[in-house]
Amino acid sequence: MSPAKLFALVDCNNFYVSCERLFQPALEGRPVVVLSNNDGCLVARSNEAKALGLPMGAPYFQVARTLRQHQVAVFSSNYALYGDLSRRVMQILASAAPASEVYSIDECFLDLTGIATADALSQQLVQQVRSWTGIPVSVGLAPTKTLAKLANRLAKKGLGQGGVLDWRALSEPSAVLQRTAVEDLWGISQHWGQRLRALGITDALALAQAPSAWLQAHFGVVLVRLGRELQGFSCLTLETQPPARKQIMVSRSFGQPVTQWSVLRAAITHFASRAGEKLRAQGLLAQALTVFLETSPDGKHGDPKARPPPESLTLSFSPPTADSATLVRAACWGAQQRFRDGSIYRKAGIMLLDLMPAGQVVPGLFDAPERADHARQRMQALDAVNARFGRGALRFAAELGGDTWRLRAERRSSACPTDWQALPRVRAG
DNA sequence: TCTGGGGTCCTAGGACCC
DNA sequence: TCTGGGGTCCTAGGACCC
């Protein structure tokens, strides 16, 4: 018989805040928050900020006064910094376990099945990550991913030892489940939480004890699996190989409302060429592209917040392509079909769909192979220049049509260990 | 005035086929 | 007069995650 499964969930504590604090240690012990793109809402909070009652995802303008009152340090998000630190943390974790799955920018599942010293190993990892990267992490150990998530929450609350909580060591796991509100579980959000509560399921223990057939009938297979996982039967496996991307999306809310075609075209051009970069970095080709435009709430139809649905258009490519010029041309053409003079646009984006590996393409009868070769070479040159001199060093002229769509990011930290210009200067003597 | 961006999975229903 | 049933594929929409 194979040994019982054992998963570790390693989660960085208040990750974005911890990243910012690395470069400003004076912020230790003070409330800190990090804002989403466009400085829209709160996406990370230090423990001190949580203690002030600042909710996750709160719109910035609604909490701005509280933030000022309590002298909370506020940062725009700096994804170059977070991405770089994430990579360093993940490398350490991957080298410590037989198998790992990077689940998000700040979380990693490890498979520790059959490792008798899992507890000690986890505590050692907490130390190691802290001293090698400066990032504090917590670990939850359990026989299923869902329970490992829950164990991690408990570890963050200071239960367990040295930042590690082992579910198997709990004396009364059912009591813990009973104290866990159903919407605090991984996979249960507000909406399902309300529906479960309406049906009398308010805590994790009740969910674990609900009959599978009943869960299936009311919620489908997703909750059946969740229930099984809570009972300790592993249904979710470790995904060690990141599955091939099925779609690539680039979209942004605009820094200011956009009404001019030239500005919109500049934004669309930027999105399409950025999407092309992502596509080529993954060695993929796209067979279709969707461009969409979202207008501002128009105040009609009673509800002032009601937004008209996005206007979109999907185009297909034959042969499949990763050529930014082709993507830009298609995206701009599509956007122009949907653009209306007099409309006020607040957001736009593109999606690349029906992706396939570049090696698998079968040339069509009427394709011109030499043209595709030239395009490929142009893109290689473009990517090489931008890798050397920074993203956007070489770009499409239509991007110069206007900059007013760009994000607000008024409080971006300058810290970035991958950018020479941003390194702190130290003077001797 | 101001509420992110980028993903995945599941389900239901329709089209189509034999 | 009677008018099947089972399978696949696709799409849109809804839900979730961080």
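What you see is a predicted model, and the numbers here were worked out from it, not measured in a lab. Chain naming here is simple, since letters A, B, ... match the order of the sequence lines and numbering starts at 1 in each.
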Do other residues, nucleotides or ligands put more than 12 heavy atoms under 6.0 Å from [X] [atom1]?
| X | atom1 | value |
| --- | --- | --- |
| A:L400 | CG | yes |
| A:K246 | NZ | no |
| A:W132 | CH2 | no |

* Where each residue is assigned the nucleotide of DNA chain B containing its nearest heavy atom, which of A:V222 and A:N37 is assigned the position nearer the 5′ end? -> A:N37
* DNA chain B: 5'-proximal contact among A:S36 and A:K278 (nearest heavy atom) -> A:S36
* **Closest contact, heavy atoms only, A:G402 versus A:V263** => CA-CG2, 4.2 Å
* Asked: For the residue pair A:Y16 and A:Y79, does the interplanar ring angle fall in the parallel (under 30°), tilted (30 to 60°) or perpendicular (over 60°) class?
  -> perpendicular
Measure [atom1]/[X] against [atom2]/[N] and give the value in whole Å, please.
| X | N | atom1 | atom2 | answer |
| --- | --- | --- | --- | --- |
| A:L35 | B:dT3 | CG | P | 13 Å |
| A:W405 | B:dG5 | CH2 | C1' | 13 Å |
| A:L42 | B:dC2 | CG | P | 18 Å |
| A:R245 | B:dG6 | CZ | C1' | 9 Å |
| A:L353 | B:dG6 | CG | P | 14 Å |
| A:N38 | B:dT1 | CG | C1' | 13 Å |
| A:R225 | B:dT8 | CZ | P | 16 Å |
| A:E101 | B:dT8 | CD | P | 13 Å |

Please tell me if [X] has a side-chain N or O lying less than 4.0 Å from either OP1 or OP2 of [N].
| X | N | answer |
| --- | --- | --- |
| A:R252 | B:dG6 | yes |
| A:K149 | C:dC18 | yes |
| A:S104 | C:dC17 | no |
| A:K347 | B:dG5 | yes |

* Show your working on side chain to side chain donor-acceptor pair (under 3.5 Å) between A:Q260 and A:Y345 and close with a plain yes or no. => CA-CA 9 Å; A:Q260 276 181 296; A:Y345 295 97; over 6 Å; no
* **Test side chain to side chain donor-acceptor pair (under 3.5 Å) applied to A:R45 - qualifying residues, sequence neighbours left out** => none
* Asked: Does A:T326 have any side chain to side chain donor-acceptor pair (under 3.5 Å) partners at least two apart in sequence or in another chain, and if so, which?
  -> A:D323
* NZ/NE/NH1/NH2 to OD/OE distance under 4.0 Å, A:K5 and A:D111 -> yes
* Asked: Short question: side chain of A:E229, backbone of A:T146 - any donor-acceptor pair under 3.5 Å?
  -> yes
* Would you classify A:D39 as touching base, sugar-phosphate or nothing, given that sugar-phosphate means primed atoms plus P, OP1 and OP2, and contacts are heavy atoms under 4.0 Å? => nothing
* Assign A:I105 to base, sugar-phosphate, or nothing according to its heavy-atom contacts below 4.0 angstrom with the strands shown. => nothing
* Using the benzene-type ring in the case of Trp, are the ring centres of A:F109 and A:W186 under 6.0 Å apart? -> yes
For nucleotides 9-16 of chain C, print each protein N/O atom paired with a nucleotide N/O atom at under 3.5 Å, atom names and distance only.
residue, atom, partner, partner atom, Å
C:dA15, O3', A:W192, NE1, 3.3
C:dC16, OP1, A:W192, N, 3.0
C:dC16, O3', A:G187, O, 3.2

* Asked: Between B:dG7, B:dG4, C:dC18, which nucleotide has the shortest distance from any of its atoms to the side chain of A:M249?
  -> B:dG7
* Separation between the P atoms of C:dC18 and B:dT3, rounded to whole Å -> 24 Å
Would you give me the side-chain donor-acceptor pairs under 3.5 Å for residues 58-74 of chain A, sequence neighbours excluded?
residue, atom, partner, partner atom, Å
A:Y60, OH, A:R411, NE, 3.3
A:Y60, OH, A:R411, NH2, 3.2
A:H70, ND1, A:T66, O, 3.1

* What residue among A:R265, A:R274, A:R406 forms salt bridge (Lys or Arg N to Asp or Glu O under 4.0 Å) with A:E399? -> A:R406
* To do: Treating a pair as Watson-Crick (purine N1 to pyrimidine N3 plus N6-O4 or O6-N4) or G-U wobble (N1-O2 and O6-N3) with both distances under 3.5 Å, list the stems of 3 or more consecutive pairs that involve DNA chain C.
  => B:5-18 with C:5-18
* Asked: Which residues, if any, of residues 57-70 of chain A bring a heavy atom under 4.0 Å of DNA chain B?
  -> A:P59, A:F61, A:Q62
